[in-house]
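Proteins come first, then strands; the chains are lettered A, B, ... in the order of their sequence lines, and each starts at number 1. In this text the structure is predicted, and so the values were computed from the model without any measurement.
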Amino acid sequence: MKEIIYKAKKEIYIYNTLKRTKELFIPINKNKIGMYVCGPTLYKKIHLGNCRTFIFFDVLYRYFKHLNFNIKYIRNITDINYSFNNSFNNKYYSYFYKIKTYYSKFNKVLNIFNLLSPSLEPRTTSHIIEQINNIKKILKLKFAYKKNGSIYFNIEKYNKYIGNYGKILNNINIYNQFEKTNSFSKDKKNNLDFVLWKKLKNINIIKWKSLWSTGIPGWHIGCTTISNKYLGSYFDIHGGGVDLKLPHHECEIAQSNVINNKKKNLAKYWIHTNMLTINNKKMSKSLNNLILPYDIIKGKFKLTKNYKINPFILKLYLLQTHYRKPINFSLKSIKNSIKNYINLLNIFKKIKKIHPKKTSSSNINIKYYFNLCYKSMNDDFNIPLLIYNLIKINKIIDKCLNNVLKISFYDLKKIKKLMKIFLIDILGLKIFSIKLSKIKIKVLINKILKIRNEMRKKKLYLYSDKIRDILKNYVSIKDK
RNA sequence: GGCACCAUGGCCGAGAGGUUAGGCUAAGGUCUGCAAAACCUUAUACAGUAGUUCGAAUCUACUUGGUGCCUCCA
């Protein structure tokens, strides 16, 4: 049997936020890749915007694996936070119960999108000692100060001796701009300074003892500690949402540069995914515009008019826009893509229907399409371009089905392989069969009901009642 | 205020300096007893101005309109 996979060149270009240009990806250690992505904070259900980020990095993980890289993918779990104690009413059982349920809900959601598990999912609370040790180091090097039992990172000093806070934002002047904004902690010397260790009052139950006080570590030190522990002080890829650039990622870099006495900025390539908006606004609890994946899938989301949308159609929808562009979620945009995606995902069914003879020829250049697909992925993970190419190939299959184009037995096999690699292995989609979309069923039922009404007008009640009985499982019909 | 991002037909949305996705809608066709479904064909376009180029939706500059981050955030 001939080898029908065309091997991809490992020439990948990544847009590095640190340098704001596309760069050739050269791993620090030849074939090994370390990738860290900021995971969820377990204080609420994850929304579709969170999913967008995790889905994107899952495709990256799958793609690197496909290219035979030895990749270690770490996604942390933030299971303690300054605001946690209040929201859990300071009760142990309430805290543990909520963390457990939010974590299982998080996993359930990622499972329906068919995401692979990362190599490790370390938790903040399992790394308290390491975090305390790192804070000690920063204190010893005098890049932090103690005030009222809490420890703060000193940005002024950091900027003086290491000096690149604001690098990701391309705004080193942010230090000066920040003085204008309001202070929300009187203990800080400067508003940009951030908490490394937060002292908690006696009423707070979830806390740890340290040299300085009883309290919890700050949010940023958790990520630096965990990434350093599992990937080393300098690794290949650090990912997250754009909204984490400041302060979170700036703080991670600052801490790491101090702890490791390096100006390496923690990771070689920084990748930031853009936001999912609704009505062109970012989702937030206060605006009450959160999109929960389960609501859409189960048809409980008002904006999608209660249509049940298949998770893989939703996944394809999230992937069809380049990760550095915002997506504005709307019913129209998703509804208009549905048919397109159903067509694409039904490709294996279509391929089964084509039976070319072993002797028949074709003039389709499969190698050209393989190259196009790899080229798309290698150009800063241009998944929309990949999907565009797959749709093009899908059109070829359509043409073959209708005898507009001819295809040879072996070429058909190669197309099947190509689709398997990109749709299933890399994009992580599952092929399912859809006979009719829910939307079409609704149209269909409405048409039937129209006929029934005509029957009732003509007093053909025997038949109109039969229709009502048949449809009772799908719609309840109430006549005036 | 600083930094970053976005602008594509009647609508929704991809797009790689030349070949101009795809879907919805519309018109015509194949198939069919009539329909439906499926498929084929066709239509309309790149916010504005200037520049680079033999050639720009794509690159550069400016203008206009919009969004995000700068407070916890994916």
Asn382(A) side-chain proximity, nearest of A74(B), G15(B), G13(B): G15(B)
Partners meeting ring-ring contact (aromatic ring centres under 6.0 Å, His included) with Tyr388(A) (sequence neighbours left out): none
Nearest-Å distance for atom pair CG/P, residues Asn394(A) and C39(B): 9 Å
Leu318(A) and Phe56(A), any side-chain heavy atoms less than 4.5 Å apart: no
Minimum-distance nucleotide (side-chain atoms of Asp398(A) versus G23(B), C39(B), A16(B)): C39(B)
Pair listing, salt bridge (Lys or Arg N to Asp or Glu O under 4.0 Å) test, anchored in residues 35-59 of chain A, at least two apart: Asp58(A)-Arg62(A)
Nearest-nucleotide pick for Ile391(A), side chain only, options being C12(B), A16(B), G22(B): G22(B)
Distance in angstrom units between Glu250(A) CD and U71(B) P, rounded: 12 Å
Distance-minimising heavy-atom pair for Asp236(A) and Ile33(A): OD2-CA, 3.3 Å
Atom NZ of Lys350(A): over 12 foreign heavy atoms under 6.0 Å: yes
Protein-nucleotide distance (Leu401(A), atom CG; C31(B), atom P), rounded to Å: 17 Å
Separation of atom NZ in Lys281(A) from atom C1' in A74(B), rounded to whole Å: 19 Å
Short side-chain N/O contact from Lys375(A) to OP1 or OP2 of G15(B), under 4.0 Å: no
Qualifying residue for side chain to side chain donor-acceptor pair (under 3.5 Å) with Tyr323(A), from Thr273(A), Asp380(A), Thr53(A): Asp380(A)
Gln255(A) side chain to Ile221(A) backbone, donor-acceptor under 3.5 Å: yes
Residue-phosphate contact under 4.0 Å: Lys282(A) side-chain N/O, C69(B) OP1/OP2: yes
Pairing residues for Lys268(A) by the side chain to side chain contact (heavy atoms under 4.5 Å, CB included) criterion, not counting sequence neighbours: Ile26(A), Ile28(A), Tyr234(A)
Nearest-nucleotide comparison on RNA chain B, the residue closer to the 5′ end among Lys395(A) and Lys399(A): Lys395(A)
Rounded distance (Å) that lies between atom C1' of C69(B) and atom NE2 of His272(A): 11 Å
Nucleotide C72(B), atom P - distance to CG of Asn50(A) in whole Å: 17 Å
Phe54(A) vs Leu385(A), nearer the 5' end of RNA chain B by closest nucleotide: Leu385(A)
Can you give me the N/O atom pairs linking the protein to nucleotides 4-11 of chain B at distances under 3.5 Å, or say none if there are none?
| from | atom 1 | to | atom 2 | distance (Å) |
| --- | --- | --- | --- | --- |
| A4(B) | OP1 | Asn170(A) | ND2 | 2.9 |
| C11(B) | O2' | Lys332(A) | NZ | 3.0 |

Any residue meeting ring-ring contact (aromatic ring centres under 6.0 Å, His included) with His272(A), in chain and number order, not counting sequence neighbours: His249(A)
Length of the CG-C1' vector between Asn289(A) and G68(B), whole Å: 14 Å
Side-chain N or O of Asn328(A) closer than 4.0 Å to phosphate OP1/OP2 of U67(B): no
Test side-chain contact (heavy atoms from CB on, under 4.5 Å) applied to Leu276(A) and His47(A), Met283(A), Lys282(A), the passing residue: Met283(A)
Interatomic distance, Ile397(A) CD1 vs G22(B) C1' [rounded to whole Å]: 17 Å
Phosphate contact (A14(B) OP1 or OP2) by Thr321(A) side-chain N/O below 4.0 Å: yes
Dot-bracket pairing map - RNA chain B, Watson-Crick plus G-U, both contacts under 3.5 Å, | cross-strand: (((((((..(((.....[...))).(((((.......)))))....(((((..]....))))))))))))....
